[in-house]
There are 2 protein chains.
Amino acid sequence: MKETKQEQEKEISTEDKIKEAARKLFTQKGFDAVRTRDIAEEAGINLALLNYYFRSKQKLFDIIMLENFRKFLQLISGKLLAEGFTRDEKIEKLVELYIDMLIENPDLPLFILNEMRGNPSKLAMEIDSQTGVLRSNFFKEIQGDADGKIAGMEPLNFVANLIGLMVYPFAAKPILQWVTGVNDDEFNRIMQERKKLVPVWIKAIMQSSEGGREAASR
Amino acid sequence: MKETKQEQEKEISTEDKIKEAARKLFTQKGFDAVRTRDIAEEAGINLALLNYYFRSKQKLFDIIMLENFRKFLQLISGKLLAEGFTRDEKIEKLVELYIDMLIENPDLPLFILNEMRGNPSKLAMEIDSQTGVLRSNFFKEIQGDADGKIAGMEPLNFVANLIGLMVYPFAAKPILQWVTGVNDDEFNRIMQERKKLVPVWIKAIMQSSEGGREAASR
DNA sequence: GTCTATAAAGTGATAGAC
DNA sequence: GTCTATCACTTTATAGAC
């Protein structure tokens, strides 16, 4: 019989089918815009099964949300930053890992930005405990100056610039494609190039900010 | 009688009260997350009046959406760019105007990003005709090179970097505040400073990208 | 585990009195 | 113009048969 373990080509449990359908839709459209019926249809199962496996739409969403946050934060909190690399090397590796992840998950940035808008503190604590990232970790690893600044910049500016240069093109992908007429393949090619470019730009920004204090560093 | 034109302190028409309540809620939370009842309550009026003045929730949303887009695009399409300024001057003025606008309307970026995700082309054409911005205008004014690049960069990279450095801190405001522990006042102070910093950073980025082709421009 | 049928609550919109 | 009451429909969630 063809009833063994691989019926057609992939054997996915019903629970996972629902979860994957939910991940896709929730990440793309957010909690309110998705109906449980959409998820059931996308998963190819009956509506009642959703409540059988996950107690409610909200609980299913919470699971997806936590996993999405973890995916987004694990790179920042990763051991990478703790190894023996220089600051520039840390930035180079972080950018490469991050942009690769973003090419695979282009909807993640907007999802995160939207979720953080609503419940920053409530979510944040949950995430902190789940991922083990104390929010100061990132800074310790990236080396602040004696006055708490990074290369002469406000920490907020440094983080905003670094994360923004990585994340913003993905959050604004439709706008940028509309403005520039770039198609999906070209977009991904440009993002690949940005893996090398963003670290260069970040260094240029840091040098322009450091300029005022120490005339020559080498 | 106290029934003249200024009863308590401000005389706002019911229609405008509804519109302002709708603008606030729609811009903050998006179409799906807002109930018509929320708008009515926020406006301090009855639910039925919403449908009396605006035929439906959707029509009310469309009005807000168009106004939000116009606010976001008018600076890019403004006459500023067409005056006799140099490229650097154009960037300086654009950044200053933009960040001032964003400080006044911090929810605008996320709203725009979310709306553009769904219906880029449909919306885009509507906007184009409403605002009179052909999407190429911005590039003409900002001076591309002979090969279509801007200071040696892909146009998409130039736009993403420029807009991203202005917009991203506002889109990610809660995250950045959580990570850095910065309060609202400090955040706004840093954004004020960014009006001067972003142009400097953009120039640093352009120089690092131009480096490969022309050794010295001055 | 999976389905159909339906309950229970929410939500946009309108009718009609004032 | 503004209100109350209510309709019509959607949506989440569950009960119960198989």
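Scope of the values below: all heavy atoms of this structure, side chains included, with no hydrogens, waters or symmetry mates. For clarity, every value in this text was computed on a predicted model and none was experimentally measured. We name chains A, B, ... by the order of the sequence lines, and we start the count at 1 in each one.
In this structure, the CZ atom of B/R35 is 5 Å from the P atom of C/dT11, given to the nearest Å. With rounding to whole Å, B/F61 atom CZ is found 14 Å from C/dA13 atom P. The interatomic distance linking B/F54 (CZ) with D/dT2 (C1') rounds to 15 Å, in whole Å. Atoms CG (B/L49) and P (D/dC3) sit 5 Å apart, rounded to a whole Å. Rounded to whole angstrom, the span from the CG atom of A/D38 across to the C1' atom of D/dT10 amounts to 12 Å. At whole-Å resolution of the value, CD in B/E15 and C1' in D/dT2 are 15 Å apart. Counting to the nearest Å, the P atom of C/dG1 and the CD1 atom of A/I12 are 16 Å from each other.
Scanning for side chain to side chain donor-acceptor pair (under 3.5 Å) contacts around A/N68 gives A/T27, with sequence neighbours left out.
A salt bridge links A/E193 and A/R189; the closest N-O separation between the charged side-chain nitrogens and carboxylate oxygens is under 4.0 Å. Checked for salt-bridge contact, B/R35 and B/E41 miss the test: no charged N lies under 4.0 Å from a carboxylate O. A salt bridge links A/R23 to A/E20: at least one charged side-chain nitrogen sits closer than 4.0 Å to a carboxylate oxygen. Electrostatic pairing of A/E96 and A/K93 does not count as a salt bridge here, judged by no charged N lying under 4.0 Å from a carboxylate O.
Shown are A/R194, A/K195, A/K196; of these, the side-chain hydrogen bond (donor to acceptor under 3.5 Å, both in side chains) with A/Q192 is made only by A/K195.
Regarding contacts with the backbone of D/dT2, a side-chain N or O of B/T14 is found under 4.0 angstrom from either OP1 or OP2.
Taking every heavy atom of residues 18-34 of chain A and every atom of DNA chain D, pairs under 4.0 Å involve A/V34, by number.
Closest non-hydrogen pair, A/A21 versus A/E42, comes out as CB-CG, 3.5 Å.
If you look at B/F31 and B/F61, their ring centroids are closer than 6.0 Å. Residues A/Y98 and A/F72 bring their aromatic ring centres within 6.0 Å.
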For every nucleotide of nucleotides 13-18 of chain D, 5' to 3': is a protein heavy atom under 4.0 Å from its base (B), only from its sugar-phosphate (S), or from neither (-)?
-> BB----
